[in-house]
Amino acid sequence: GACQIADAIQPLASVSLARLRIDAGRFDQAIGLLEAAAKDLTGGDAARAAAQRALALQRSGRVTDTLEDWDRAVGAFEAAGMAVQAAMARQNRGLVHAYRGELAAADDDLDAAATTYLLYGEHIRAVEVVHDRGFVASRRGDLPGALLLFDRAQSRAAELGALRPEMLVDRVEVTLRAGLTEEARALAEAVVNILEEAGLATDVPEACLLAARACEQGGDPTGSVQWAQRAVALFREQGRPRWGLLARYAVLRAQAAGERPPVTVARRLVCIAAEL
C-alpha cells in the first residue's frame with residue numbers, strides 16, 4: 001500500500017538529498033543519510049549510495065578513506081550495466097590514485113573513463129577528464145603540461161557551452177607552484193567570487209586558502225591572515241576538520257611573517273604542525 005511505497009521511496013530520496021548536502025559542504029549530514037539509506041538499497045541504487053559516500057569523504061578531505069567505496073561503486077555499476085556511472089566512479093577513483101601518488105593507476109582509470117564517455121557521447125564529462133589529466137600531470141611535476149591541459153579543458157568546455165568554474169581551483173594551485181605569484185593571487189581572488197556566484201560552496205574555502213598562500217608568497221601577511229581566517233570559518237561551518245587544521249596553520253604562518261607576531265604563535269605553530 002501507500003506505506004510500502006513510502007518506505008521504498010525514502011532511501012532514494014535520502015540519496016538525492018545527500019547530493020545536495022555534499023554540494024552545500026554538509027559532508028557529515030550527507031554521509032549519515034547515505035549510510036542509513038544503503039541498508040535498504042540494492043543494485044544500481046546501492047552503487048549510487050556508495051559512490052556518493054565516497055564523494056562526500058573525498059570532498060571533506062578524507063581522500064585515502066574513499067578507495068574501498070569507489071571500488072565497490074565501480075563493480076556495482078558495471079554489474080548493473082550502468083556504463084556511464086561506472087566511468088564516473090572510475091574518474092573519481094583516478095583522482096584518489098593521483099592524491100596517493102599512484103599515477104599509473106590514475107592514468108588507467110582516467111583513460112577508461114574517457115573511452116566510455118566518448119562512446120556514449122558524454123562530451124562534457126570527457127572534458128573534465130582532460131582537466132583531471134592536467135591534475136595528474138601536476139602531480140608528476142609537469143607544471144607546463146598541466147596548465148596546457150587545463151587550458152584545453154576550459155576552452156573545450158566553453159565551446160560546449162558549459163561553465164566549470166571549479167576547474168579553476170586546480171589552476172590556481174599549479175600557478176602558485178610555478179612561482180607566478182601575482183597571477184595566482186588575482187586568479188584566486190576572482191575564483192572565490194565566481195564560485196560564490198555559482199553556488200559551489202564546497203570549493204570556496206579551498207580557493208580562500210589558495211588566496212592566502214598567494215598573499216604569503218607575495219609578501220602580504222595581512223592579506224594572507226584575512227584569507228586564511230575566512231577559510232578557517234568556512235571549513236568549520238562545513239565540518240571539514242582536516243582542511244580546517246591546514247587553514248589554521250596558514251593563519252599562524254602568516255601571523256609569524258608579520259612585523260610583530262604574537263609571542264604565542266611559535267608554540268601554536270608547533271602544536272598544529274604535530275597534528276598535521
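Below, each value reflects all heavy atoms present in this structure, side chains not excepted, and no hydrogens, waters or symmetry copies. All figures in this text were calculated on a predicted structure; none of them were measured in a lab.
The backbone N or O of Glu216 lies less than 3.5 Å from no partner atom in the side chain of Asp220, so there is not a single donor-acceptor pair. Judged purely by atom type and a 3.5 angstrom limit, Tyr99 has no side-chain atom pairing as donor or acceptor with the backbone of Gly94. A donor-acceptor distance shorter than 3.5 angstrom exists from the side chain of Arg240 to the backbone of Arg59, with no hydrogens or angles considered. No side-chain donor-acceptor contact under 3.5 Å links Thr66 to the backbone of Ala54. With hydrogens and angles ignored, the 3.5 Å screen pairs no side-chain donor or acceptor of Ser224 with any backbone N or O of Pro221. Between the side chain of Gln52 and the main chain of Arg19, a donor-acceptor pair closer than 3.5 Å is present.
The environment of CZ in Arg253 is sparse: at most 12 heavy-atom neighbours from other residues, nucleotides or ligands sit within 6.0 Å. More than 12 heavy-atom neighbours from other residues, nucleotides or ligands sit within 6.0 angstrom of CD on Glu159.
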Side chain to side chain contact (heavy atoms under 4.5 Å, CB included) between Leu209 and Phe235: does it pass, once the steps are laid out? CA-CA 10 Å; Leu209 189 54; Phe235 284 132; 4.3 Å; yes
Walk me through it: do Phe27 and Gln238 pass the test side chain to side chain contact (heavy atoms under 4.5 Å, CB included)? CA-CA 7 Å; Phe27 302 108; Gln238 293 181 3; 4.1 Å; yes
Between Gln58 and Trp70, does the side-chain hydrogen bond (donor to acceptor under 3.5 Å, both in side chains) criterion hold? Intermediate values first, please. CA-CA 10 Å; Gln58 193 165 326; Trp70 285 126; 2.7 Å; yes
Determine whether Arg177 and Ser138 satisfy the following criterion, side chain to side chain contact (heavy atoms under 4.5 Å, CB included), listing intermediate values before the conclusion. CA-CA 9 Å; Arg177 289 175 58 193; Ser138 74; 3.9 Å; yes
Given side chain to side chain contact (heavy atoms under 4.5 Å, CB included), test Arg139 with His97 step by step and report yes or no. CA-CA 11 Å; Arg139 289 279 161 162; His97 284 310; over 6 Å; no
Is there a side-chain hydrogen bond (donor to acceptor under 3.5 Å, both in side chains) between Gln91 and Asp109 once you walk through the steps? CA-CA 6 Å; Gln91 181 183 356; Asp109 268 339; over 6 Å; no
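Under the 4.5 Å side-chain heavy-atom criterion for Ile, Leu, Val, Met, Phe, Trp and Tyr, Leu110 and Leu103 are members of the same hydrophobic cluster. Following chains of ILVMFWY side-chain contacts shorter than 4.5 Å, one can reach Val136 starting from Met88, so the two form part of one hydrophobic cluster. Residues Leu119 and Val84 share a hydrophobic cluster, clusters being chains of Ile/Leu/Val/Met/Phe/Trp/Tyr side chains in contact below 4.5 Å. The hydrophobic cluster containing Val169 also contains Leu200, counting ILVMFWY residues as joined when their side-chain heavy atoms lie under 4.5 angstrom apart, directly or transitively. Residues Leu187 and Val174 do not share a hydrophobic cluster, clusters being chains of Ile/Leu/Val/Met/Phe/Trp/Tyr side chains in contact below 4.5 Å.
Residues Val192 and Ala207 approach most closely at CG2-CB, 3.7 Å, considering heavy atoms. In plain terms, the two heavy atoms of Ala47 and Ala73 that are nearest each other are O-CB, 3.9 Å. Nearest heavy atoms, Ala113 versus Val129: CB-CG2, 4.4 Å. Residues Ala184 and Val172 approach most closely at O-CG1, 3.9 Å, considering heavy atoms. Contact detail for Ala212 and Ala228: the closest heavy-atom pair is CB-N, 3.6 Å. The two atoms that bring Tyr120 and Ala83 nearest to each other are OH-CB, 3.6 Å, heavy atoms only.
Using a 4.5 Å cut-off on side-chain heavy atoms (C-beta onward), Cys208 and Leu234 make contact. Proximity of Trp243 to Pro205: side-chain heavy atoms (C-beta onward) are nowhere separated by under 4.5 Å. Residues Arg93 and Leu67 are in side-chain contact: their nearest non-hydrogen atoms beyond the backbone lie under 4.5 Å apart. Two residues are said to be in side-chain contact when any heavy atoms from C-beta on lie closer than 4.5 Å; Met167 and Val127 meet this criterion. Put simply, the side chain of Pro165 does not reach to within 4.5 Å of the side chain of Val191, judged on heavy atoms. Residues Trp227 and Glu189 are in side-chain contact: their nearest non-hydrogen atoms beyond the backbone lie under 4.5 Å apart. Side-chain contact check for Gln217 versus Leu176: some heavy-atom pair is nearer than 4.5 Å.
Rounded to the nearest 0.5 angstrom, Ile194 CD1 and Asp203 CG are separated by 12.0 Å. Going from atom CG of Leu246 over to atom CZ of Arg213 covers 8.5 Å, rounded to the nearest 0.5 Å. Atom CG of Asp170 sits about 8.5 Å away from atom CD of Glu206, to the nearest 0.5 Å. Remark: Arg100 CZ to Leu95 CG distance equals 13.5 Å, nearest 0.5 Å. Atom-to-atom distance recorded for Arg248:CZ and Leu252:CG is 8.0 Å, nearest 0.5 angstrom. The distance from atom CD1 of Ile22 to atom CG of Leu34, rounded to the nearest 0.5 Å, is 6.0 Å.
Between Arg140 and Asp107 there is a salt bridge, since a side-chain N of the basic residue sits under 4.0 Å from a carboxylate O of the acidic one. Under a 4.0 Å N-O distance rule, the pair Glu78/Arg90 qualifies as a salt bridge. A salt bridge does not link Glu182 to Arg185: none of the charged side-chain nitrogens sits closer than 4.0 Å to a carboxylate oxygen. By the 4.0 Å N-to-carboxylate-O rule, Arg171 lies too far from Glu183 to be salt-bridged with it. Salt bridge present: Arg230 and Glu196 bring a charged side-chain N and a carboxylate O closer than 4.0 Å. Under the 4.0 Å criterion applied to side-chain N and carboxylate O atoms, Arg133 and Asp111 are assigned as salt-bridge partners.
The distance between the ring centers of Phe150 and His131 falls below 6.0 angstrom.
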